[in-house]
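Read through the structure below, which is laid out as structure tokens, and then see the notes.
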Number of protein chains: 2
Amino acid sequence: MFSLAEENYLKAIYHLEQDTKGGVSTNSIADKMDTKPSSVTDMVQKLADKGVLSYKKYKGTTLTTKGRKTAAGVIRKHRLWEVFLVDKLKFHWDEVHEIAEQLEHIKSEELVNRLDKYLGHPDFDPHGDPIPDKNGNVKKTEKKLLSELTKKQKGVCVGVKETSSEFLQYLDKRNITIGTKLTVLGKEFFDGSMIIQVGRDQFFISKKTAENLYIQTT
Amino acid sequence: MFSLAEENYLKAIYHLEQDTKGGVSTNSIADKMDTKPSSVTDMVQKLADKGVLSYKKYKGTTLTTKGRKTAAGVIRKHRLWEVFLVDKLKFHWDEVHEIAEQLEHIKSEELVNRLDKYLGHPDFDPHGDPIPDKNGNVKKTEKKLLSELTKKQKGVCVGVKETSSEFLQYLDKRNITIGTKLTVLGKEFFDGSMIIQVGRDQFFISKKTAENLYIQTT
DNA sequence: CTTCATTTTTAGACAAGGCTAAAAATTAAA
DNA sequence: TTTAATTTTTAGCCTTGTCTAAAAATGAAG
């Protein structure tokens, strides 16, 4: 039905739509896909013909319901495979993204359903991202970025925004992972840095880090 | 390193080499790959340049050691994934081939090693085919085709030659699977058909079926 | 309301893989 | 051994997805 390249475009546009009001710009897609705007134009025209997105010259694109569902299907597979890699094959959470990028394109409805069942119908992947259900719906939780919290607030780490190995390993070194409880001890006004408490340890957290950690406040 | 198409060619040539003396012909590859001879010529020339096979115009091709190892690696992945699908996800042995055809191209050494370990280092796939080890070596067993047995011989079914769903489902209907013990009760001379005993049941087996069942005689 | 920087699209080209039609080599038959 | 049939290769074209360079549209600033 959809080629590997097409699925990757849909996925990228799906993600971009989530933090953009209105249509997604050609340049932003090119940026995310690490490709050239001209290539994006070609592809979105093709995808518009296929009915998975609507496209107006110079005005950006928006996924149709069909497109959104297709993208969610790919993301569902990606996240389920990540759970498999971490829970069953004992990979570390910073090693699974690349492999899941490949596995997400395996075509078999039955496979996804059985994998889902085998893993116990997980709701979140190892990075705390929600796994869309068969119909492409995600149960969204009200989570905040650590950077949005203020002094003395407590919360549980429920996800990461950035998923690079460097960042995940950095968190590991500080024993921060999904489920970690933490408290904001202080927040520096001029540079956005924070001091947080994790268990008995206290850490300095840069603004950049704080903007990439999702917290569920309690 | 190798594209999907290249890997598929290597795999096909690897299989063809096993039942061919001398080089593998262009036409036989085209046949197996369901493609045109002209396309095969192009590809084998490219693969020869890459050093995975030797090719002499009009004389057929032979895998180099590197090529054989690469092909075995792909086959190793295919068969390990088949074990996963059957043992863990409870797929039926006639449903896994197509999915494994996709999974065999996932690139990650670490993934294969962990999968192998997770599955308990299996030696055979669900169809009884041997799984090459990390170095591409297969332990070959002395197995015969059912059609080679004679009256009163007993044996255990250890594999199938043909792997189409139709054939596997046909075997299932007769309760024949890997590990099934059977005895040849009679063999018809003029059409090669046989009567075999499986447990308490007796079955008529056509020549075609007998030529696609591997038996280890006891 | 022009002008200029930015964004986006178009046009033309390229690499991978595949196909068709025609030419060349090989093998088999008479 | 000369011809005929078969196999294999070559030549040229197509599609997918990409790129660069140039043109066109948009929008921000004066």
Side-chain angles (χ1 to χ4, degrees), chain A residues 1-14 16-17 19-63 67 70-71 74 101-102 104-105 107, chain B residues 1-14 16-17 19-63 67 70-71 74 101-102 104-105 107:
Chain A
M1 201 66 178
F2 293 97
S3 73
L4 195 145
E6 288 169 342
E7 287 190 348
N8 283 335
Y9 271 96
L10 289 174
K11 196 171 45 130
I13 296 166
Y14 180 96
L16 287 168
E17 270 192 343
D19 28 44
T20 316
K21 49 264 141 227
V24 176
S25 77
T26 300
N27 266 9
S28 67
I29 299 171
D31 236 56
K32 180 147 224 169
M33 302 276 303
D34 203 21
T35 184
K36 301 291 167 188
S38 54
S39 307
V40 174
T41 301
D42 284 351
M43 183 56 98
V44 296
Q45 283 174 349
K46 197 171 81 173
L47 289 173
D49 289 344
K50 285 200 169 191
V52 287
L53 53 80
S54 70
Y55 163 71
K56 287 277 183 193
K57 273 188 191 180
Y58 297 101
K59 297 298 179 193
T61 68
T62 320
L63 292 180
T70 305
V74 176
E101 285 285 302
Q102 299 178 61
E104 73 189 5
H105 300 291
K107 283 167 179 41
Chain B
M1 200 66 176
F2 292 97
S3 73
L4 194 144
E6 288 170 342
E7 287 190 348
N8 282 334
Y9 271 95
L10 288 173
K11 195 172 47 128
I13 296 167
Y14 180 96
L16 288 168
E17 270 191 344
D19 29 44
T20 316
K21 48 266 139 224
V24 176
S25 78
T26 300
N27 266 10
S28 66
I29 299 171
D31 236 57
K32 181 147 224 169
M33 301 277 302
D34 203 20
T35 184
K36 300 292 168 187
S38 54
S39 307
V40 174
T41 301
D42 284 350
M43 185 54 99
V44 296
Q45 283 174 349
K46 197 172 82 173
L47 289 173
D49 289 343
K50 284 201 170 190
V52 287
L53 54 80
S54 71
Y55 163 71
K56 285 278 182 191
K57 272 189 191 176
Y58 297 102
K59 297 299 180 191
T61 68
T62 320
L63 292 180
T70 306
V74 176
E101 285 285 303
Q102 300 178 62
E104 73 188 6
H105 299 292
K107 283 167 179 41

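Order of the sequence lines fixes the chain letters, A, B, ..., with proteins taken first and strands second; residue numbering starts at 1 for each chain. Atom set for the values below is all heavy atoms of this structure, side chains included, hydrogens, waters and symmetry mates excluded. Since the structure is predicted, the reported quantities are computational estimates derived from the model, not experimental observations.
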Whole angstrom value for the distance that separates [atom2] of [N] from [atom1] of [X]:
| X | N | atom1 | atom2 | result |
| --- | --- | --- | --- | --- |
| B:M33 | C:dG18 | CE | P | 6 Å |
| B:D42 | C:dA15 | CG | C1' | 13 Å |
| B:F2 | C:dA16 | CZ | C1' | 16 Å |
| A:K50 | D:dT15 | NZ | C1' | 13 Å |
| B:M43 | D:dT8 | CE | C1' | 17 Å |
| B:L47 | C:dG18 | CG | P | 11 Å |

Which atom pairs link the protein and nucleotides 22-27 of chain D when you take only N or O atoms and keep those under 3.5 Å?
unit_1: D:dA25; atom_1: O4'; unit_2: A:Y58; atom_2: OH; d: 3.3

Can you check nucleotides 3-5 of chain C for protein contacts, nitrogen or oxygen pairs under 3.5 Å, and list what you find?
none

> What is the nucleic acid contact for B:S38, judged by heavy atoms within less than 4.0 Å: base, sugar-phosphate only, or nothing?
Replying inline: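 Base, at least one base atom sits under 4.0 Å.
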>> Can you list, in residue-number order, the parts of residues 3-13 of chain B that come under 4.0 Å of DNA chain C, counting heavy atoms only?
In response: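 Heavy-atom cutoff 4.0 Å gives B:S3, B:A5, B:Y9.
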By side-chain contact (heavy atoms from CB on, under 4.5 Å) - contacts of [X] (at least two apart):
| X | answer |
| --- | --- |
| B:T61 | B:I13, B:V24, B:I29, B:V44, B:L53, B:Y55 |
| B:D42 | none |
| A:E6 | A:F2, A:S3, A:M43, A:K46, A:L47, A:K50 |
| B:D31 | none |

Under 4.0 Å from OP1 or OP2 of [N]: is there any side-chain N or O of [X] that close?
| X | N | answer |
| --- | --- | --- |
| A:Q45 | C:dT10 | yes |
| A:N27 | C:dT6 | no |
| A:S39 | D:dC19 | yes |

>> Nearest to the B:T41 side chain among D:dT9, C:dT9, C:dT8, which nucleotide is it?
In response: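 For B:T41, the side-chain atoms sit closest to D:dT9.
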Salt bridge (charged side-chain N to carboxylate O under 4.0 Å, His left out) partners for [X], two or more places apart:
| X | answer |
| --- | --- |
| B:K32 | none |
| A:K36 | none |
| A:K59 | none |

>> For A:E104, give me all partners under side chain to side chain donor-acceptor pair (under 3.5 Å), at least two apart in sequence or on another chain.
In response: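 Counting only residues at least two positions away or on another chain, A:E104 forms a side chain to side chain donor-acceptor pair (under 3.5 Å) with A:K11, A:H78.
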>> Just to verify, what does A:K57 make a side chain to side chain donor-acceptor pair (under 3.5 Å) with, not counting sequence neighbours?
In response: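 Not a single residue meets the side chain to side chain donor-acceptor pair (under 3.5 Å) criterion with A:K57.
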>> What I'd like to find out is whether the side chain of A:L63 reaches to under 4.5 Å of the side chain of A:E17, using heavy atoms alone.
In response: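 A:L63 vs A:E17: side chains touch.
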>> To the closest 0.5 Å, what do you measure between CG (A:N8) and OG1 (A:T35)?
In response: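 Going from the CG atom of A:N8 to the OG1 atom of A:T35 covers 11.0 Å.
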